[in-house]
Amino acid sequence: MNSRNYRIIKPIFYFLSIIWLFGIFIEWAVPFFENLIYINLIADHTYSLVCHQEPGKLITSGLYSSKVCARCTGIYSGAVLSNTILFFIKLTNSINIKYLLLASLPMLLDILFYNLNIYSYSKLIAFGSGILFGSAGFFYIASGMNNFIYELENSKP
Amino acid sequence: MKKYLSSFVAGFGAGVLHIVPVAKSFTCCLIMPLAAYLSIVLDRKSTGETGRMDMKRGVILGLLTGIYAASFGTSLDILITFITKNNEIVAAYPQLQKLINDFPITEALKQEVLMMLSSLLDQIKNSGFSLIYTLTILFSNFIIDPIFGMIGGMIGVQIVNSKISKE
């Protein structure tokens, strides 16, 4: 079941996840909104907390590059995708954790194969495996949040 | 305090990983969630709890792990910057300068940003401390780490509870 307050929080959470995803591509927006250059500098440090930001692994286009690597971009894109889907489907109370492990398998294999030099780093594979993991992972986050709010609602005196 | 010792330990580990130069290259979005999960596992080991876990407990442990990681990460960053009078901004300045010069923005804004950056750089090189830099890392660390910690807590509880269901 979806708790009452979760339905209120969901759009706020959706908005925040869109801003987070937008922040990854902030450099592309700077020419249109020049003052974003200041946010761009802060974003560099903020996203460094969640990604190694190796230059060769960032998504680039001409002068501009993403704030996180292709894999992390995939993870966050997947999370936003699932977040969008959750507006149309009902969230189940608990999801078997094996689906998360299955969804993380391509990503883990890609990391393993790349580090073993079986093949060279591919942004497309990293992005694709990231999107799979991110989209699956978000269902668990949403389910967890729903359960958390439900517990809070029912623990009120 | 003892009740949340597991968060302290996991938070310290994650905080250090944010700072140490070599370890930093392994940083990814999974560090904080993994630290939160570790905190849950350690907590259950120390309390001897074997039953299903409340989501609330997991979220609190994740949140505290994030707060501890942010505290340690920020303190260590400020301390290392103060001692070495060097940090990632100083190292990345030449590329940053080039990037700003290449950006299609007005000359006036470019000069303003570069002046701000060079004053920040001077402060770090001379005294090892910059208020703008400190506020930036405080703001980033104390928002991002607790959020990712709570996410890790939510997923961690589901992993723990799924193991119990199997048994």
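Source: prediction; values computed, not measured. Note that these values count all heavy atoms, side chains included, but never hydrogens, waters or copies made by symmetry. A, B, ... follow the sequence lines: proteins, then strands. Residue 1 opens every chain.
By number of non-hydrogen pairs under 4.5 angstrom with chain A, the leading residue of B:N141, B:T136, B:I100 is B:N141. When each of A:N40, A:L41, A:I75 is scored by its heavy-atom pairs under 4.5 Å with chain B, the top score falls to A:L41. Interface remark: of the candidates B:M32, B:E112, B:K110, B:E112 forms the most heavy-atom pairs closer than 4.5 Å to chain A. Between chain A and the residues B:D54, B:L117, B:I89, the most heavy-atom pairs under 4.5 angstrom are made by B:D54.
In this structure, no portion of B:M150 lies under 4.5 Å from any heavy atom of chain A. Interface residue A:Y38: only side-chain heavy atoms are found under 4.5 Å from chain B. For chain B, no part of A:F33 is nearby; none of its heavy atoms comes within less than 4.5 Å. B:I137 touches chain A through backbone and side chain together, each having a heavy atom under 4.5 Å away. Within the 4.5 angstrom heavy-atom criterion, atoms from both the backbone and the side chain of A:L63 approach chain B. Proximity to chain A is limited to the side chain of B:L96, based on heavy atoms less than 4.5 angstrom apart. Residue B:I159 touches chain A through both its backbone and its side chain, counting heavy-atom pairs closer than 4.5 Å. Only the side chain of B:V59 comes within less than 4.5 Å of a heavy atom of chain A; its backbone N, CA, C and O stay farther away.
In this structure, A:Y76 and B:F148 have perpendicular ring planes: the angle between them is above 60°, well past the 30° mark.
Both tests pass for A:K10 against the ring of A:F87: distance under 6.0 Å to the centre and angle within 45° of the axis.
With A:N146 contributing its side chain and A:A142 its backbone, the two residues share no donor-acceptor pair below 3.5 Å. No donor-acceptor distance shorter than 3.5 angstrom exists from the side chain of A:S61 to the backbone of A:Y64, with no hydrogens or angles considered.
Ring-centre distance between A:F113 and A:Y121: not below the 6.0 Å cut-off. Here the two rings, on A:Y47 and A:W20, have centers that are under 6.0 Å apart. Checked against the 6.0 Å centroid threshold, B:F82 and B:F129 do not count as a close aromatic pair.
Among A:R71, A:K57, A:K123, the single residue meeting the salt bridge (Lys or Arg N to Asp or Glu O under 4.0 Å) criterion with A:D110 is A:R71.
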